[in-house]
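This report refers to the structure that appears directly beneath it.
All values below come from the heavy atoms of this structure, side chains included, with hydrogens, waters and symmetry mates left out. All residue numbers in this chain count up from 1 along the given sequence.
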Amino acid sequence: MRATLPLALAAALLVAAPAAVLAQPPAATAPAAASPSKLVLDNSTRILATLEQRRAEFAGNRAALERFVSTEFNSIFDRDYAARQVLGRHARGASDADVQLFADALADNLMRRYGSSLLDFNTRLRVRIKSETALPRGLGVKVASELLRSGGEPIPVDYLMRRSGGNWKVFDVMVEGVSFVQTFRQQFDNALTHKSIRQVAADLRSGKVQADAGR
């Protein structure tokens with residue numbers, strides 16, 4: 001994988017409405033819901049600006065950075081649905097409780113391992129939306145975008161999004177054509193062939209197994 005997982009996570013953080021906005025009481029006349037493309041563009045600007053403004057704080061307080069990353073990740077990712085996609089054939093017949101255990105363990109493992117790496121990136125980036133297209137079988141939409149950086153080629157980032165609880169949420173991120181879901185499905189397939197979902201989740205929790213999308 002040419003793009004590192006920290007970049008994939010950074011890309012994931014560029015999407016969806018922040019929890020603070022979702023928690024606001026509805027106005028007397030609610031505005032039309034933002035399109036997935038607008039959510040990508042608006043919130044990428046907000047999150048990148050926050051990372052840059054709080055860079056010094058986050059560099060000296062990794063716990064604050066982890067809280068920020070975790071809050072954003074949890075508010076934008078449809079974690080259980082994404083986990084079912086990662087589990088693939090192993091999710092057939094699995095209980096919702098087991099899937100949630102795996103989803104939580106995977107997310108926590110990713111945050112512990114890669115959250116602080118966001119500070120290694122120059123967040124003075126811009127996002128350009130290229131297109132928004134419907135996914136087959138009414139599964140949602142794909143928002144195709146590019147991360148624009150000075151002195152480097154644009155980085156293509158695609159977001160696969162679906163309606164969940166009345167909001168648009170991400171269930172897969174593709175960085176330079178490489179899928180978050182497919183990468184981890186391949187990584188965990190062998191372990192899940194020999195162990196239960198709960199056992200693999202426990203290995204992720206303990207750090208015995210690390211989520212790794214390559215370098």
Query raised in the report: To the nearest 0.5 Å, how far apart are CE in Met174 and OG1 in Thr183?
Result: 9.0 Å

**Report entry** Pairwise distance CG(Asp158) to OG(Ser131) - rounded to 0.5 angstrom
**Finding:** 7.5 Å

Query raised in the report: Could you go step by step and tell me if Ile197 and Leu87 meet the side chain to side chain contact (heavy atoms under 4.5 Å, CB included) rule?
Result: CA-CA 9 Å; Ile197 293 174; Leu87 290 167; 4.0 Å; yes

Query raised in the report: Do you know which two heavy atoms are closest between Glu57 and Ala64, and how far apart they sit?
Result: OE2-CB, 4.0 Å

Query raised in the report: Do Pro36 and Glu132 come close enough that some side-chain heavy atom pair is under 4.5 Å?
Result: yes

Query raised in the report: With no hydrogens and no angle check, is any side-chain donor or acceptor of Arg163 less than 3.5 Å from a backbone partner on Gly166?
Result: yes

Report task. Might you point out which heavy atoms bring Phe102 and Ala83 nearest each other, and give the distance in Å? Result -> CD2-CB, 4.0 Å

Query - His194/Asn190 under side chain to side chain contact (heavy atoms under 4.5 Å, CB included): CA gap, chis, key distance, verdict - result: CA-CA 7 Å; His194 297 92; Asn190 184 61; 3.3 Å; yes

Query - Worked verdict on Leu148 versus Val127 for side chain to side chain contact (heavy atoms under 4.5 Å, CB included) - result: CA-CA 6 Å; Leu148 306 178; Val127 174; over 6 Å; no

Query raised in the report: Which distance, rounded to the nearest 0.5 Å, do you find between the NE2 of His90 and the CZ of Phe188?
Result: 11.5 Å

Query raised in the report: What are the two closest heavy atoms between Asp80 and Val99, and how far apart are they?
Result: O-CG1, 3.7 Å

Report task. If you link ILVMFWY side chains whenever their heavy atoms are less than 4.5 Å apart, which other residues fall into the same cluster as Phe171? By chain and number, please. Result -> Tyr81, Leu135, Leu139, Leu160

Requested in this report: State, to 0.1 Å, how close Ala107 and Arg79 come at their nearest heavy-atom pair, and which atoms those are.
Outcome: CB-NH1, 3.0 Å

Query raised in the report: So, Arg185 side chain and Gln85 main chain: donor-acceptor pair closer than 3.5 Å or not?
Result: yes

Report summary line: Closest heavy-atom pair, Arg128 versus Pro154, reported as atoms and distance to 0.1 Å, is NH2-CG, 4.4 Å

Report summary line: In short, Ala211 meets Phe184 closest at the heavy-atom pair CB-CE2, 3.6 Å

Query raised in the report: Roughly how far, to the nearest 0.5 Å, is NZ of Lys169 from CG of Asp78?
Result: 6.5 Å

Requested in this report: Verify side chain to side chain donor-acceptor pair (under 3.5 Å) between Thr193 and Arg89, making sure each step is shown before the conclusion.
Outcome: CA-CA 10 Å; Thr193 299; Arg89 62 191 177 92; 3.2 Å; yes

Query raised in the report: Taking the side chain from Asn109 and the backbone from Gln210, do they hold a donor-acceptor pair closer than 3.5 Å?
Result: no

**Report entry** Atom pair CD/CD of Glu153 and Glu146 - distance to nearest 0.5 Å
**Finding:** 9.5 Å

**Report entry** is_close_aromatic(Phe180, Phe77), centroid dist under 6.0 Å
**Finding:** yes

Query raised in the report: From Ser179 OG over to Gln186 CD, what is the distance, rounded to the nearest 0.5 angstrom?
Result: 8.5 Å

Report task. Evaluate the side chain to side chain contact (heavy atoms under 4.5 Å, CB included) criterion for residues Val209 and Lys195: first the C-alpha distance (whole Å), next the side-chain angles of each, then the deciding distance (0.1 Å), finally the verdict. Result -> CA-CA 13 Å; Val209 172; Lys195 295 182 178 182; 5.8 Å; no

Query raised in the report: Can you find a pair of side-chain heavy atoms, one from Leu65 and one from Leu51, that are under 4.5 Å apart?
Result: yes

Query raised in the report: Going by an N to O cut-off under 4.0 Å, is there a salt bridge joining Asp172 and Lys142?
Result: no

Query raised in the report: Taking ILVMFWY side chains as joined if any heavy atoms are under 4.5 angstrom apart, and letting links pass through other members, which residues group with Leu101?
Result: none

